[in-house]
Amino acid sequence: MALAIAIGNRTAQSQPIRVRVSISTFVKDSKNVDDLKRAFAGVRGRIATDPMSAQFQSAVHQYPVDAQDLARQSFSNDLMAFLKPEALWASPESAKKNWFKCSHSFDDGPNAGVHFTSWHRAYLFYFEDILRQESKNPEFMLPYWDSVREPILPDIFRLPADKDNSLYLPLRALPVNQGRSIGPVAN
């Protein structure tokens with residue numbers, strides 16, 4: 001008996017089985033890296049109100065809903081330049097109702113964050129599908145990164161090898177881009 005899980009207008013049965021590889025294996029194949037860079041360049045090149053844009057997808061995860069919320073959350077100027085909140089605020093209400101839906105521990109109560117893993121699996125499923133389309137490679141998959149075993153962000157994300165490295169984000173925390181361990185945070 002086959003198990004079919006409805007996801008949007010597709011089912012899990014219709015999707016090929018893909019096996020993720022570690023980032024250390026992924027970067028050994030230059031085609032993988034080129035596909036990943038092309039995909040991220042594509043999503044970053046779209047206008048903020050496009051549902052396939054990096055900004056729109058970021059807004060699904062976390063988003064300052066208005067200027068007051070923007071000030072409350074203390075987003076950096078660099079991050080604000082990336083997110084383009086003014087452009088996102090111009091999005092239709094139908095889009096806005098889907099933003100800031102991540103199940104982090106933002107919710108109060110005894111069940112706060114209970115859906116963290118399942119929410120992120122669905123989020124990554126759709127985000128990876130967008131990246132697959134942008135990469136122009138129907139076999140494209142995001143690699144996984146075990147940040148516990150390898151606590152330094154991989155070079156392809158933190159080193160601006162060339163000015164067109166779409167994986168490098170200068171707004172990322174400077175110590176992370178400089179190769180400092182993101183190891184366990186002290187409580």
Side-chain angles (χ1 to χ4, degrees), residues 1-63 79 82-83 95 98-104 113 115-173 176-177 179 181-183:
M1 174 172 71
L3 173 65
I5 302 171
I7 303 174
N9 61 355
R10 298 182 282 177
T11 64
Q13 268 185 335
S14 66
Q15 297 296 309
I17 294 175
R18 295 182 172 97
V19 179
R20 293 196 188 285
V21 298
S22 72
I23 187 68
S24 56
T25 299
F26 184 90
V27 298
K28 291 177 184 175
D29 184 338
S30 62
K31 183 178 178 341
N32 286 340
V33 174
D34 291 345
D35 287 346
L36 186 62
K37 287 180 178 181
R38 183 174 37 261
F40 271 90
V43 296
R44 290 200 177 120
R46 291 176 174 267
I47 62 170
T49 54
D50 181 336
M52 288 180 57
S53 73
Q55 293 85 4
F56 194 99
Q57 290 298 307
S58 294
V60 169
H61 196 258
Q62 183 174 0
Y63 170 71
L79 184 57
F82 167 74
L83 285 176
N98 295 307
W99 293 346
F100 202 23
K101 298 296 184 188
C102 178
S103 296
H104 283 123
H115 299 294
F116 178 88
T117 302
S118 57
W119 187 92
H120 282 88
R121 282 182 181 238
Y123 177 76
L124 279 174
F125 175 86
Y126 285 107
F127 185 62
E128 183 176 62
D129 194 46
I130 291 168
L131 293 176
R132 186 174 297 116
Q133 291 175 51
E134 288 292 339
S135 76
K136 311 288 191 256
N137 175 358
E139 303 301 316
F140 174 82
M141 286 189 55
L142 285 168
Y144 70 85
W145 171 41
D146 184 343
S147 61
V148 173
R149 290 193 173 139
E150 300 172 35
I152 296 173
L153 186 67
D155 289 352
I156 64 168
F157 296 103
R158 62 181 190 83
L159 301 176
D162 57 60
K163 64 182 175 104
D164 296 323
N165 182 3
S166 62
L167 305 176
Y168 174 75
L169 288 176
L171 62 90
R172 190 180 292 124
V176 174
N177 271 345
S181 173
I182 64 159

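By convention here, the first residue in the shown sequence is residue 1.
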In the structure I gave you, are the side-chain heavy atoms of Met52 and Val43 within less than 4.5 Å of one another anywhere?
no

Here the pair of heavy atoms bringing Val27 nearest to Ile156 is CG1-CD1, 3.7 Å

Is a donor on one side and an acceptor on the other found under 3.5 Å between the side chain of Ser53 and the backbone of Ala48? yes

Fill in: Asp50 side-chain N/O to Phe56 backbone N/O, donor-acceptor pair under 3.5 Å
no

Those residues at least two apart in sequence (or on a different chain) that pass side-chain hydrogen bond (donor to acceptor under 3.5 Å, both in side chains) with Asp34 are none

For Arg158, the side-chain hydrogen bond (donor to acceptor under 3.5 Å, both in side chains) test, sequence neighbours excluded, returns Asp155

Donor-acceptor pairs are to be reported for all side-chain atoms of residues 139-146 against protein atoms at under 3.5 Å, with residues two or more places apart or in another chain.
residue	atom	partner	partner atom	Å
Trp145	NE1	Glu150	O	2.9
Asp146	OD1	Val148	N	3.1
Asp146	OD1	Arg149	N	3.2

Distance in Å, [X] [atom1] paired with [Y] [atom2], rounded so as to fall on 0.5 Å steps:
X      : Y      : atom1 : atom2 : result
Leu131 : Arg38  : CG    : CZ    : 12.0 Å
Leu169 : Phe157 : CG    : CZ    : 10.0 Å
Leu153 : Ile182 : CG    : CD1   : 7.0 Å
Ile130 : Tyr126 : CD1   : OH    : 10.5 Å
Ser147 : Ile23  : OG    : CD1   : 12.5 Å

task: Classify the ring geometry between Phe127 and Tyr123 as parallel (under 30°), tilted (30 to 60°) or perpendicular (over 60°).
output: parallel

Contacts of Asp29 meeting salt bridge (Lys or Arg N to Asp or Glu O under 4.0 Å) (sequence neighbours excluded), chain-then-number -> none

Hits for salt bridge (Lys or Arg N to Asp or Glu O under 4.0 Å) against Glu128, two or more places apart or cross-chain, chain-then-number order -> Arg20, Arg132

side-chain contact (heavy atoms from CB on, under 4.5 Å) filter on Val21, not counting sequence neighbours, yields Thr25, Phe26

